[in-house]
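Following: one structure in C-alpha cells, then a few remarks.
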2 protein chains.
Amino acid sequence: MTEKDDFSLQDFLPFLLNRAAEDSSLAFQAHYKNRYGMLRNEWRVLFHLGIFGQMTAKEIGERAKIHKTKISRAVAKLAARRFVSRSRDEKDRRSEHLRLTPAGEAAYRDLRSQAQSYDAQLAQRFTPQEVALLRDMLRQLAGIEAPDSQEGEQGGD
Amino acid sequence: MTEKDDFSLQDFLPFLLNRAAEDSSLAFQAHYKNRYGMLRNEWRVLFHLGIFGQMTAKEIGERAKIHKTKISRAVAKLAARRFVSRSRDEKDRRSEHLRLTPAGEAAYRDLRSQAQSYDAQLAQRFTPQEVALLRDMLRQLAGIEAPDSQEGEQGGD
DNA sequence: AAATAATAGTTGGTTTTGTAACTAACAAGG
DNA sequence: CCTTGTTAGTTACAAAACCAACTATTATTT
C-alpha cells in the first residue's frame, strides 16, 4: 500500500477540515447527547438562545447558517422537552420569538461549561498565538466575520 | 438580538471547524456530484485508490477513518459505475483488493486536478506559513500523523 | 380591495447515515 | 476435526438529512 501518486489527501483542506470537524464534534456530542438527548442542531439552537436571549427561527438560521427545516425540527423538539418557549410576534404573526425556559437555561449553562472546558482542552495542544490564528483562519473559511467587527454581511444561500 | 452572554459560538472550535468544513466542502462537492454523481464517501474511496493504487476496504477505512459500512456502500456504487474493480484475495478469501478501472483513473485524475486548484484557491487567502500551520493543526485535531512520519498509531474507536 | 408575490415556518417523501445483526472465511484451542 | 472466537465485508432497520411542496400571514401591485 505504497503511494503511487504525489497527491496527498491528508493535505487537502476540505478533507482535513471535515476530519478535524468530525473528530472534534464526536467528543462534545457525548455531552449533549447522553445528558440531554439532544441532536447537533438542537444544541446549536439552544446555544444561540442562551447567548442572545431571544431570537426567531429565521434569525438563528441566518446566524448559524442552518436550513430552516432543521431549525424547525430542532425547535419542535426543544419545545416538546420544555427547553424553549415560543411566542408569536403580534406585529407579524408569521414569526415567533423563541427563548429558553428555566430548564433550558440550566441545560445551556451546563453545556456551555462543558463546551468551554472542551475547547480549552483542544486549544491546549497549541500556543495561544497559534490558536488565535487557527480561529481566525477557520472563521475566514467559514465566511464568518471577525468577532469584533459585528456586521452581518453574508453571501446568502 | 444583542448578546446577553459572553460565550461566543463563533469561537468554539467544534462549531467553527464544522462550519468551515461544510463551507469548504460545498464548492468541491459540486465537482464530484454534478460531474460524476458521486457522494462524499465515494470520492474519498476513489482518491484513496487513485493515490495508493490498490487497497482493501479495510485499509481504506483505517486510513480515512471511515466506517466499514460506508466503505462497503461507496465501493458498491463505484463498482456498479465501473470505476473500481474488485478481486478476491486468494490467500484470504474474506477480503478483496480494489483498484481503479481506466474510467476510474480518468475520473480520479480529473477530480484530483479540481481538488488541487480548489485547495490552492482556499490557501490563497493566507500566507504559505499560515497555511502550513493550519494544515498541521488540523492534522493534529484530526488525529492524523504528520505527512513525513508515516506511523499508524491511532486511538481506535 | 382583489390578485400576486413574498416570507416564516411546517410537513411529506426520498435519500443518506448510523447501528446492529448478519454471512462467509479464517484462526485457535481442546 | 469441531467448537469457539475473530475478521472482512454486507444487509436491514431506524434515525436523520435533503429537498420540495405546503399553510398561514404579510407586502405589493394593479
Side-chain angles (χ1 to χ4, degrees), chain A residues 1 18-19 21-23 25-26 29-30 32-34 36-45 48-49 54-80 84-99 156-157, chain B residues 1 18-19 21-23 25-26 29-30 32-34 36-45 48-49 54-80 84-99 156-157:
Chain A
M1 196 188 70
N18 269 285
R19 291 274 291 93
E22 273 169 35
D23 248 63
S25 291
L26 215 63
Q29 184 182 19
Y32 59 79
K33 199 170 183 180
N34 299 340
Y36 298 101
M38 284 186 199
L39 254 28
R40 198 171 55 130
N41 290 320
E42 289 160 38
W43 80 257
R44 286 182 172 184
V45 166
H48 278 266
L49 294 175
Q54 185 179 62
M55 295 175 88
T56 65
K58 181 184 205 303
E59 287 168 337
I60 297 174
E62 280 168 357
R63 183 162 281 266
K65 279 198 187 156
I66 301 178
H67 193 263
K68 59 183 182 172
T69 63
K70 288 189 195 172
I71 305 273
S72 175
R73 285 171 170 132
V75 168
K77 265 201 176 177
L78 290 170
V84 323
S85 63
R86 329 164 78 136
S87 67
R88 285 239 162 266
D89 181 330
E90 287 307 326
K91 311 289 185 197
D92 183 344
R93 301 183 38 72
R94 284 171 303 185
S95 68
E96 58 188 5
H97 299 286
L98 308 167
R99 51 171 46 260
D157 85 303
Chain B
M1 198 187 72
N18 269 286
R19 292 273 289 91
E22 274 169 35
D23 248 63
S25 292
L26 216 61
Q29 183 182 19
Y32 59 80
K33 199 170 183 181
N34 299 340
Y36 298 101
M38 284 186 198
L39 254 27
R40 199 170 52 131
N41 290 320
E42 289 160 39
W43 80 257
R44 285 182 175 183
V45 167
H48 278 265
L49 294 175
Q54 185 179 62
M55 296 175 88
T56 65
K58 181 186 204 306
E59 287 168 336
I60 297 174
E62 279 168 355
R63 183 161 280 267
K65 279 201 187 153
I66 301 178
H67 193 263
K68 59 182 181 173
T69 63
K70 288 189 195 169
I71 306 274
S72 174
R73 292 195 258 242
V75 169
K77 265 200 176 179
L78 289 170
V84 323
S85 63
R86 330 163 76 136
S87 68
R88 286 238 162 265
D89 183 329
E90 287 306 325
K91 310 291 185 196
D92 181 346
R93 302 186 35 74
R94 286 172 302 184
S95 68
E96 56 187 9
H97 299 287
L98 308 167
R99 50 170 48 259
D157 85 301

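Quick note on labels: first sequence line is chain A, next is B, and so on, each numbered from 1.
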Handout entry: Side-chain touch B:M38/B:L78, heavy atoms, less than 4.5 angstrom
Key = yes

Exercise for the section: Could you tell me whether the side chain of B:I71 reaches within less than 4.5 Å of the side chain of B:H48, counting heavy atoms only? Expected result: no

Exercise for the section: From the options C:dA8, D:dA17, C:dA24, select the nucleotide whose nearest atom is closest to the side chain of B:R94. Expected result: C:dA24

Practice task
Side-chain contact test, heavy atoms from C-beta onward, threshold under 4.5 Å: evaluate it for A:R99 versus A:L49 and give yes or no.
Solution key: no

Exercise for the section: May I ask you to decide if B:R93's main-chain N or O and B:R88's side chain share a donor-acceptor pair within less than 3.5 Å? Expected result: yes

Handout entry: Any N/O donor-acceptor pair, A:R40 side-chain to C:dG18 base, under 3.5 Å
Key = no

Exercise for the section: Specify the separation, in whole Å, of atom NE2 of A:H67 and atom P of C:dT11. Expected result: 15 Å

Exercise for the section: Respond yes when some side-chain nitrogen or oxygen of A:K68 is under 4.0 Å from OP1 or OP2 of C:dA8, and no when none is. Expected result: no

Handout entry: Upstream residue (5' side of DNA chain C) when B:K91 and A:A57 are each assigned their closest nucleotide
Key = A:A57

Exercise for the section: Figure out the CD/C1' separation between A:E90 and C:dA8, and round it to whole Å. Expected result: 15 Å

Exercise for the section: Give the nucleotide from the list D:dT25, D:dG9, C:dT17 with an atom nearest to the side chain of B:E96. Expected result: D:dG9

Practice task
Describe the nucleic acid contact of B:L39 in one word from base, sugar-phosphate, nothing, applying a heavy-atom distance below 4.0 Å.
Solution key: sugar-phosphate

Problem - Phosphate OP1/OP2 of D:dA16 contacted by A:K70 side-chain N/O (<4.0 Å) - result: no

Handout entry: Spacing of B:L26 atom CG relative to D:dA17 atom C1', expressed in whole Å
Key = 14 Å

Handout entry: N or O in side chain of B:S95 less than 4.0 angstrom from D:dA8 OP1/OP2
Key = no

Exercise for the section: Take atom CD of B:E42 and atom P of C:dT15, then tell me their distance rounded to the nearest Å. Expected result: 14 Å

Problem - Phosphate OP1/OP2 of D:dT10: any B:R86 side-chain N/O under 4.0 Å - result: yes

Fill in the blank from the handout: Of A:K77 and B:I71, the one whose closest nucleotide on DNA chain D sits nearer the 5' end is B:I71

Fill in the blank from the handout: When rounded to whole Å, the CG to P distance for the pair A:D92 and C:dG9 reads 9 Å

Handout entry: B:E62 CD to D:dG9 C1', straight-line distance once rounded to whole Å
Key = 13 Å

Fill in the blank from the handout: Of the candidates D:dA17, D:dT25, C:dT10, the side chain of A:T69 sits closest to C:dT10

Exercise for the section: Let me know the distance between CD of A:Q29 and C1' of C:dT19, rounded to the nearest Å. Expected result: 13 Å

Exercise for the section: Answer yes or no: does a side-chain N or O of B:K58 lie under 4.0 Å from OP1 or OP2 of D:dA8? Expected result: yes

Problem - salt bridge (Lys or Arg N to Asp or Glu O under 4.0 Å), paired with A:E96, selected from A:K58, A:R86, A:K91 - result: A:R86

Problem - Under 3.5 Å donor-acceptor pair, B:R73 side-chain atoms to D:dG9 base atoms - result: no

Practice task
State whether the distance check finds a donor on one side and an acceptor on the other, under 3.5 Å, for side chain A:R93 versus base D:dT25.
Solution key: no

Completion exercise
Against the side chain of B:T56, the closest entry in C:dT7, D:dG9, C:dC26 is D:dG9

Completion exercise
Rounded to whole Å, the CD1-P distance (A:I66 to D:dA16) equals 15 Å

Exercise for the section: Answer yes or no: is there a side-chain heavy-atom contact under 4.5 Å between A:R40 and B:N18? Expected result: yes

